[in-house]
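Side chains included, hydrogens not; waters and symmetry mates left out as well; all remaining heavy atoms used. Lettering follows sequence order; numbering is per chain, from 1.
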Amino acid sequence: MTRRLLLTVALASVLAACDNTLDPFESAEGPPFAVYGYLDTERDTHVVRIEPVQPVAPFDPSRITAVLRDETAGVAVEMDGAVVTLDDGTPGLAYAAAMRVQSGHNYTLAVRAEGAGTTTARATVPALRPAQVETLERDSTGRLFLPLLLRGPSLPPTRFSVTYAVEVDADSVMVEVPYNAGQDAAGGYRYRLQVSRDRLALLSRLRRAPTDTLRLLGLIINVRDDGPEWATGTSDIANGFGFFSTIGRTTQTVVLPPEVIREIGFSP
Amino acid sequence: MLPTRRRTGRSLSPSKKVKWLAACLLLLAVGLPAHAQRAMLRGRVVDVTDMQPLGGATVQVQHESGYDAGTSTDEDGYFVLTRLMPGRYALRVSFVGYAPFADTVLVETGGDQVRIALTPTAVVAGEVTVDEPRTDPAPGEGRLVSVRPAEVRGVPTLTPASDLAAYLTTLPAFSPTSDRGGQVSVRGGEPTQNLFLLDGIPVYQPFHVLGEFSIVPGEALAFADVYAGAFPARYGGRIASTIDVTLRSGNKHAYEAHAALAPLLSAVQVEGPLVRGKVSALVSVRESFARRIGPGIAAGKLPFDFGDRLVRLHAYLTQTSSLSATAFQSDDRATLATAMGDAGTVRWKSEGAGMRFSYLPTAYAVLAEIEVFGTRLDSEFSAPGAMRRRSLVEEVGGNFGFRYLLGDSEIRFGIQARTDHLLALEARREREEYLTEGAAYLEGAWRGHGFRVYPGLRVSTFPSRSQVVLEPRLRAEWERGGHLFHAGAALVHQEIGGRYTSADLADVFVAWVPVPEGSPLPQAQQHVAGWSLSGPGGMVGLEAYYRDLQHLGDAGALDGHAQGVEARVEIRRRALTAGIDGALSSVRYRSATAAPFPPPTDRPVRLGTHITGTYRALEASARWTYADGSAYTPLRGTYRRVEVMQGAGYPTDPGTRDTSDGRTGSRRLPATHRLDLVLRYNRTLGPVRLAVQVALRNAYDRANVFYFNRLTGERYNQLPRTLAFGLRLDV
């Protein structure tokens, strides 16, 4: 019995010593895909790049299924895959889907291949921040400021601007004025619109005299909020790698009282 | 134990500790003349044929009254016997391979000097006839082995010339990472944790790209002391092993020449007197022609070049002083070649020079030794499409040591200093640093009743890191009837280490870098214990070790241990020499965030066996070696990492290849094993000894891994089955 055991151990040792295979991969069931892309509320069609992870996933769009799902609305779209040529001439895989994404909605991108598991990426489009106009302010030099609170998180948006819609020679003209930093505030993030300065700049751009009075058709607040993944560089991707995020863009028209419009130098 | 830890207000600052130790050493030195008042016998033991100093010879004297004393010679053949009564003594000197010397000497008050020349006994076909039980220089001292030229010549290689590396790799403690790459791991340590000294000069890359060759030709070797644990206190700066090589001084009576012609490595060595009996020179030049001749002798290209050059001058200035100077240079180049073309090149150039002055003062029982050295290593790895990597080490330093002889006991102490310039270029980042280290050491030796005890203490200071470390050392031996039991412990630190790339699983290139500022020094607590039994017919030995490791890795975040047991059996018969070596070991690293894992140097089972037989003028050798594959971290996957930019559609940049690692160290490379066969014909024609050799390397054509890139999947194997012819002439 002992002799047989020793013989078996010796034989197994010899066989192990003869084995000369070298496979650097841990298993054939690892994460199958890396996904790269983002959803933008400004676009109707969204394209993501999918990189198969060696040695698990195939490089064949016919064997890969990618589904983009709006979890909030309960809508799903299967993306169309294609082999594209990358900058260095090598092939890549790009998947496209027609879908209108919305602020505040949760999205899931699920990429699967037969026999290779599923990679799931999740991202949320930042929600709309309602704009709330506060009382007009005047400083010691007589310049006017219109405080505006973006309700929601006390964080600056990625981009913030104000569009003045005015009537010029019976036409509607839109002039956008970007703003940099605002201030953290209770219940949101506050900007102090420099309405006197903006009016003079607007008249100058329209080649009008500083004393002219234009009719203000509307004040439009433009806010762009990027998904938090852009700042951290990491995404919520399960069983895979890559980067998946969102860009949320919102526009809101603020209705100002006629007396406020007049006070800042426009006509209602 | 952390020697740098502050405890109370009464503890000494680092600088005070050094001053305190220096004061003790000074007091010790000043106190020496007290012993000079008695009678003393000093001298040197040399080989009568070429005036080579014989380190480790046993010197015994017996007074008419029956009082006796004894000692052994140091590396330069010097000895001193102190505290003798004036009178007539029977003097007996013995050394392995030499006829014993016996004479009567008259020792008078104040001291006397003698020069003893021993005559070699018969040497038959490389086998030394042992007349006396083997005596190593200053027996024990914790060395794993003291390697002699005859032992090195007994290991078959692909060329008729012998090499120290071929012998070292037969030791169970030594594990070459590959037959190419020049990296050797000792007891699970990293290759850069080995200290290699050539006549006192540190050599940062002592092994050639073809792993069984080093920069030390067997013909130029006087002896090499190998320590794989519990180092004496005079060695520091490395935590795995120390290999201290002393070259031959050169024949001071007659000219000798050795020449070997073989495609893998051809060699010429000439030595002889410059001033007969006093000054000698040794010059060795070796060069590989493998790249040019390779396709004719191997199945494919042999894509490497290497060579080395050695010069040593040695002079007996007076009866009690000597001066030696050594210079070396080596260069290596290997191409990672496939049938489709060359995929990358690794190359390095190592060079250095040093000088050693030994002096035995007339009035004192102390041997003084001064050494200065400079050494340099410039290595580079380049591959198409990859960033060039380069590492440069430049070091100058010196040692000033004393050996105070007290009959059966001795005290050794000294100071050492070195300064380094390190440059590492990796991933387009260049890192340049200047470092200095100062050290003082104190060693003792006490012998009696079969016991030998070697305590020691080393203090190292690293001003650039504002650190001072204390390193206690201890080794004890007990010898009885051919049995030798030994045990030892040591604490060692290392300031400069190596960094490897995780992509290359065989570690072809290493960058030398210092410990980052603010990180603790890597350290090892070494513990060894063993037994051996030796005699004329062979030896058997067993040694167990445990090494506790701390502060390893780039940021010092890894701890770990290495443990194992090694066995060695050697059988020597008149026409047959055979040996079996085996090692079982386990190396594990751990960190605060990771479970214990095996590093690449963990190779749990290693086996080696060699046999050499002679029949008349024919000599046949076979050598088989086996080692478990190195541990490595498998990939969960590789993919192209792409940066997503806003505004564009999908990213069209191809990106860079990235990886996701699996469980650290959970896989092993395939086991490495091969069989080498050598057949040699020896003939003597007057003053010329001729040897013709045919060697078959990797006889069963095992595809052992040399280089494997886990990202690209590129694999390059070690040498295939290779047939090589060689010719050797000794005059």
(request) Indicate the atoms forming the closest heavy-atom contact of P91(A) with R640(B), along with that distance. (result) O-NH2, 2.9 Å
(request) Please confirm whether the backbone N or O of V644(B) pairs with a side-chain atom of R49(A), one donor and one acceptor, at under 3.5 Å? (result) no
(message) Report which part of P52(A) has an atom under 4.5 Å of a heavy atom belonging to chain B: side chain, backbone, both, or neither.
(response) backbone
(message) Please classify the contact between S666(B) and chain A as side chain, backbone, both or neither, with a heavy-atom cut-off of under 4.5 Å.
(response) side chain
(message) Please find the pair of heavy atoms, one from P654(B) and one from T90(A), that lie closest to each other, and give the distance.
(response) CB-OG1, 4.3 Å
(message) Tell me whether the count of non-hydrogen atoms from other residues, nucleotides or ligands lying under 6.0 Å of CD1 in I580(B) goes above 12.
(response) no
(request) Indicate yes or no: at least one non-hydrogen side-chain atom of F241(A) is less than 4.5 angstrom from one of D658(B). (result) no
(request) Taking R641(B) for its side chain and A34(A) for its backbone only, find out whether a donor-acceptor pair lies under 3.5 Å. (result) no
(message) Taking side-chain hydrogen bond (donor to acceptor under 3.5 Å, both in side chains) as the criterion, tell me which of D40(A), D226(A), T158(A) meets it with Q646(B).
(response) D226(A)
(request) Assess whether atom CD of E643(B) is packed by more than 12 heavy atoms of other residues, nucleotides or ligands within 6.0 Å. (result) no
(message) Below 4.5 Å, heavy-atom pairs only: which of D87(A), L86(A), V53(A) has the largest tally toward chain B?
(response) D87(A)
(message) Please report the interatomic distance CE(M645(B)) to OH(Y38(A)), rounded to the nearest 0.5 Å.
(response) 10.0 Å
(request) For residues F25(A) and T638(B), determine if any side-chain heavy atom of one lies less than 4.5 Å from a side-chain heavy atom of the other. (result) yes
(message) Nearest 0.5 Å, please: how far is CG in L93(A) from OH in Y650(B)?
(response) 10.5 Å
(message) Please check if the number of heavy atoms outside R100(A) that lie under 6.0 Å from its CZ is greater than 12.
(response) yes
(message) Among V605(B), L635(B), T659(B), D653(B), which residue has the highest count of heavy-atom pairs closer than 4.5 Å to chain A?
(response) L635(B)
(request) Assess whether atom CG of N180(A) is packed by more than 12 heavy atoms of other residues, nucleotides or ligands within 6.0 Å. (result) no
